[in-house]
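Bear in mind the structure is a predicted one, so any value in this text is a computation, not a measurement. Order of the sequence lines sets the chain letters (A, B, ...), proteins ahead of strands, with each chain counted from 1.
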Number of protein chains: 2
Amino acid sequence: MARRANPTPSTDLDARKATILEAVVAEHIDTAQPVGSSSVASNADLGVSPATVRSEMVSLEREGYLAQPHTSAGRIPTDKGYRYFVDHLQSGVLGAPQQHQLADFFANVRGEVEDVLEQTSTLLSQMTNYTAMVLGATHAHATIMSAQLVNLDAHHQLLVAVFSDGSVIKHSLNPVFDVDYETCAEASRQLNALLIGTTLESPVQVPSRHDHVAQLVRDAVATLHAQEPTVDGEQVFIGGSSRVAESFEGVETVRKVLSILEQELLVVGLVQDMLSRGLSVAIGSEVGYEPLSTCAVVVAPVTIDGAPAGAVGLLGPTRMKYQEAMAAAGAVSQHLARHFGGDEDHDH
Amino acid sequence: MARRANPTPSTDLDARKATILEAVVAEHIDTAQPVGSSSVASNADLGVSPATVRSEMVSLEREGYLAQPHTSAGRIPTDKGYRYFVDHLQSGVLGAPQQHQLADFFANVRGEVEDVLEQTSTLLSQMTNYTAMVLGATHAHATIMSAQLVNLDAHHQLLVAVFSDGSVIKHSLNPVFDVDYETCAEASRQLNALLIGTTLESPVQVPSRHDHVAQLVRDAVATLHAQEPTVDGEQVFIGGSSRVAESFEGVETVRKVLSILEQELLVVGLVQDMLSRGLSVAIGSEVGYEPLSTCAVVVAPVTIDGAPAGAVGLLGPTRMKYQEAMAAAGAVSQHLARHFGGDEDHDH
DNA sequence: GGCTGGCACTCAGTACAATTGAGTGCTAAC
DNA sequence: GTTAGCACTCAATTGTACTGAGTGCCAGCC
């Protein structure tokens with residue numbers, strides 16, 4: 001199934017060139033070494049001599065699909081070469097043992113959403129040997145089931161909101177005036193009446209009075225609604241960041257990649273950006289962050305009832321095993337969707 | 001201030017040997033190279049020739065403080081050598097710019113406890129160039145300010161408990177029987193009456209009736225109390241894991257260390273173990289995990305009103321800058337204690 | 001007795017040349 | 001259009017010699 005969402009639509013190559021390109025990419029992914037004409041000639045079974053392959057490779061290099069580290073070496077794929085390869089990849093299927101592993105995991109996993117996502121990221125990383133990213137759904141569309149104001153002391157209140165998807169937000173308020181137990185309880189009561197059943201996106205009619213209760217309520221609602229526009233609502237779980245050390249050579253690259261992974265907002269942005277561009281694979285420069293120019297990222301959205309509910313992703317070197325990675329990410333995203341979506345038959 | 005809590009009390013060395021050992025350690029920390037007799041003779045100002053230094057070094061090597069990578073190289077410290085060095089280190093003071101940075105940070109930081117701790121870990125890591133660990137307090141001693149049961153649907157309830165320290169725990173219940181709104185609300189009311197003002201350690205008199213409300217209440221209390229014994233209550237924030245790539249050479253080491261850092265429970269265990277052994281520095285094998293045998297860990301407890309409230313730590317190579325690291329960890333732990341402890345004059 | 005200068009010795013690291021071999025580009029013949 | 005043949009390139013490997021930092025030991029000195 002050719003996926004054709006690439007930004008620079010690669011002019012289609014004739015059959016032989018395509019075969020050669022794919023052979024080069026496949027072998028380089030496997031061996032991490034430059035690939036020579038002779039091994040292509042023998043492995044890819046076009047009945048053709050190395051010399052012929054060579055002249056085709058020259059042409060592939062001219063067109064920007066391949067590159068040569070130095071004159072007397074084989075070819076390695078460029079980002080464009082990988083892109084062609086990925087676009088013309090038929091989607092693979094997950095190996096049976098991995099399918100079992102997945103099924104097992106989701107059959108037995110318990111606990112809060114966060115824990116499940118966290119563990120999923122570890123699992124996905126173990127399955128693929130790449131670093132895994134799991135984005136939790138934003139609660140933009142979940143309705144509020146409870147909103148409560150807890151009086152910690154005279155000028156510290158904690159706003160705790162519970163959503164229909166089981167997520168909980170807390171936020172502290174520090175009003176300038178003193179708040180006694182009664183005021184807080186009354187504000188809490190009003191908040192509940194005001195917010196239950198709404199989403200973070202619904203407009204809410206806040207009281208315009210000037211008493212302390214009304215001020216508290218206004219403050220709480222504002223805090224809550226202010227939360228959404230920032231990407232803050234998204235949770236990211238990163239599993240197997242130690243894989244970075246295996247995937248890349250050169251301390252400096254490892255450091256750069258790790259330090260990107262530390263910035264969770266950046267990771268969220270990256271994945272969401274890919275999703276919004278309709279990309280399921282970003283290769284090298286396509287990723288959009290210079291320090292990640294030797295990386296490839298595979299993402300798969302998680303969709304529940306047609307609505308986006310998160311995503312899973314994998315980060316590896318450009319010479320990553322795309323087929324496996326895409327299969328794994330896809331399978332995990334489906335399992336997640338089923339796990340959290342068809343929650344009706346949840347504990348069978 | 002000699003710190004003498006080391007497990008194998010090092011027999012004291014005579015003044016000259018001590019000076020030499022310290023010079024070797026200091027220089028090796030600085031240069032990462034084996035240190036030769038001549039540079040010690042010229043840098044440490046004991047008016048003595050390299051030859052004399054050499055014979056002392058032989059004896060230091062015999063006693064296990066130094067080691068030689070190969071015959072014709074200088075000496076590097078063993079774990080025991082570092083231990084002696086650390087034990088005889090006078091506690092340093094933080095540099096003025098760093099003190100300012102810290103003061104600035106804590107003067108301006110806002111937001112939830114978790115956010116502050118998270119940011120603190122990043123800050124500490126930036127200050128030292130090592131990986132920082134910040135352990136959040138357990139809420140074992142905080143009293144419950146609110147306990148609420150939210151009815152997500154007929155057999156999914158969410159237990160949300162708010163503690164006096166502003167932390168929130170959530171946990172889902174999946175009773176086998178159907179729960180309607182009223183039952184849930186009643187259980188919630190009873191829970192509140194039962195739990196408010198208690199800590200997770202206080203015994204609680206649960207209702208022994210057999211109706212659904214009582215069952216829910218029992219279930220909720222059990223879930224809540226079951227939580228503590230696991231280290232689950234501790235939160236860890238790890239900042240600057242990318243520093244690992246700089247601190248160690250050898251991909252394999254980097255991978256091992258990173259994969260340890262991924263296991264948060266393990267990190268918590270490690271730090272708490274050190275604290276309980278009264279250690280503020282663990283060197284190499286003292287750390288207690290084989291994969292960390294080339295690491296050193298510096299910890300400083302955070303104490304609020306005399307009670308342990310968390311800890312901060314730094315992880316680096318055995319040749320880490322102990323004085324700086326200890327000073328930074330100490331300063332940060334004190335700032336944290338002041339920030340969360342003397343909360344009275346909080347927003348000045 | 002402790003310190004030191006002198007000396008022979010060791011050995012990682014470096015530098016350099018020679019060799020190897022994988023792989024290329026080109027061309028002439030099929 | 002394909003291919004065999006060939007000269008060429010150049011990273012990687014091997015071998016050799018050299019350097020120099022550092023050692024251990026010892027005889028003489030204070």
Side-chain angles (χ1 to χ4, degrees), chain A residues 13-78 81 249-250 319, chain B residues 13-78 81 249-250 319:
Chain A
L13 299 170
D14 70 65
R16 198 168 66 184
K17 275 198 186 123
T19 315
I20 292 175
L21 176 53
E22 276 155 25
V24 171
V25 176
E27 186 171 335
H28 183 256
I29 285 178
D30 207 47
T31 64
Q33 298 295 327
V35 181
S37 54
S38 59
S39 69
V40 171
S42 60
N43 291 342
D45 53 271
L46 15 79
V48 149
S49 83
T52 313
V53 173
R54 239 169 296 162
S55 67
E56 294 286 46
M57 282 168 110
V58 170
S59 135
L60 280 168
E61 181 167 359
R62 231 191 341 256
E63 295 169 53
Y65 294 99
L66 295 178
Q68 230 176 345
H70 57 265
T71 329
S72 72
R75 291 341 202 259
I76 58 175
T78 60
E249 46 214 15
R319 47 169 285 274
Chain B
L13 299 168
D14 69 65
R16 197 169 65 185
K17 275 198 185 124
T19 316
I20 291 176
L21 176 53
E22 276 156 26
V24 171
V25 175
E27 186 171 335
H28 182 255
I29 286 178
D30 208 46
T31 64
Q33 298 295 326
V35 181
S37 55
S38 59
S39 70
V40 171
S42 60
N43 291 342
D45 53 85
L46 16 81
V48 150
S49 82
T52 314
V53 172
R54 238 169 296 160
S55 68
E56 295 286 45
M57 283 167 109
V58 170
S59 133
L60 281 169
E61 181 167 359
R62 230 191 341 255
E63 295 170 52
Y65 293 100
L66 295 177
Q68 230 177 343
H70 57 265
T71 328
S72 72
R75 270 32 183 231
I76 58 174
T78 60
E249 45 212 15
R319 48 169 286 274

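- Contact detail for Ser49(B) and Ala41(B): the closest heavy-atom pair is C-CB, 4.2 Å.
- In this entry the distance linking NE2 of His70(A) with C1' of dT24(C) reads 10 Å, nearest Å.
- For the residue pair Ser59(B) and Glu63(B), a side-chain donor N or O sits within less than 3.5 Å of a side-chain acceptor on the partner.
- Here dA12(C) presents its C1' atom at 13 Å from CD of Gln68(B), a figure rounded to the nearest Å.
- Applying the salt bridge (Lys or Arg N to Asp or Glu O under 4.0 Å) rule to Glu61(A) yields the partners Arg75(A); only residues at least two apart in sequence or on another chain are considered.
- Among pairs with a residue in residues 19-45 of chain A, none fulfils salt bridge (charged side-chain N to carboxylate O under 4.0 Å, His left out), at least two apart in sequence or across chains.
- A search for side-chain contact (heavy atoms from CB on, under 4.5 Å) contacts involving Arg319(A) returns His28(A), Ile29(A), Ala32(A), Tyr82(A), Pro317(A), not counting sequence neighbours.
- Along DNA chain D, read 5' to 3', the first and last nucleotides having any atom under 4.0 Å from a heavy atom of chain A are dT2(D) to dA11(D).
- Note that CZ of Arg54(A) is 8.0 Å distant from OG of Ser38(A), once rounded to the nearest 0.5 Å.
- Proximity of a side-chain donor or acceptor of Thr78(B) to a complementary backbone N or O of Ala67(B) within less than 3.5 Å is not detected.
- To the nearest angstrom, C1' of dT24(C) lies 15 Å from CG of Leu60(A).
- For Arg54(B) and dC7(C), the shortest distance from a side-chain N or O to OP1 or OP2 is not below 4.0 Å.
- Considering Ile20(A), Val53(A), Val40(A), Thr19(A) as possible partners of Val48(A), the one that fulfils the side-chain contact (heavy atoms from CB on, under 4.5 Å) test is Val53(A).
- Annotation for Ile76(A) and Pro34(A): closest pair CG2-CA, 3.7 Å, computed over non-hydrogen atoms.
- Across all non-hydrogen atoms, the minimal contact from Gly74(A) to Pro69(A) is O-CD, 3.4 Å.
- The phosphate of dG21(C) (OP1 or OP2) has no side-chain N or O of Ser72(A) nearer than 4.0 angstrom.
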- Should Leu13(A) and Tyr65(A) be marked as a side chain to side chain contact (heavy atoms under 4.5 Å, CB included) after you check the CA-CA gap, both sets of side-chain angles, and the distance that decides it? CA-CA 10 Å; Leu13(A) 299 170; Tyr65(A) 294 99; 3.6 Å; yes
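- Annotated stems with DNA chain D as a participant read C:1-30 with D:1-30, given as range with range, by first number; only runs of 3 or more Watson-Crick or G-U pairs under 3.5 Å qualify.
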All N/O contacts under 3.5 Å from nucleotides 2-5 of chain C to the protein, with atom names and distances to one decimal?
residue : atom : partner  : partner atom : Å
dC3(C)  : OP1  : Arg16(B) : NH1          : 2.6
dC3(C)  : OP2  : Arg16(B) : NH2          : 3.0
dT4(C)  : OP2  : Ser49(B) : N            : 2.9
dT4(C)  : OP2  : Thr52(B) : OG1          : 2.6

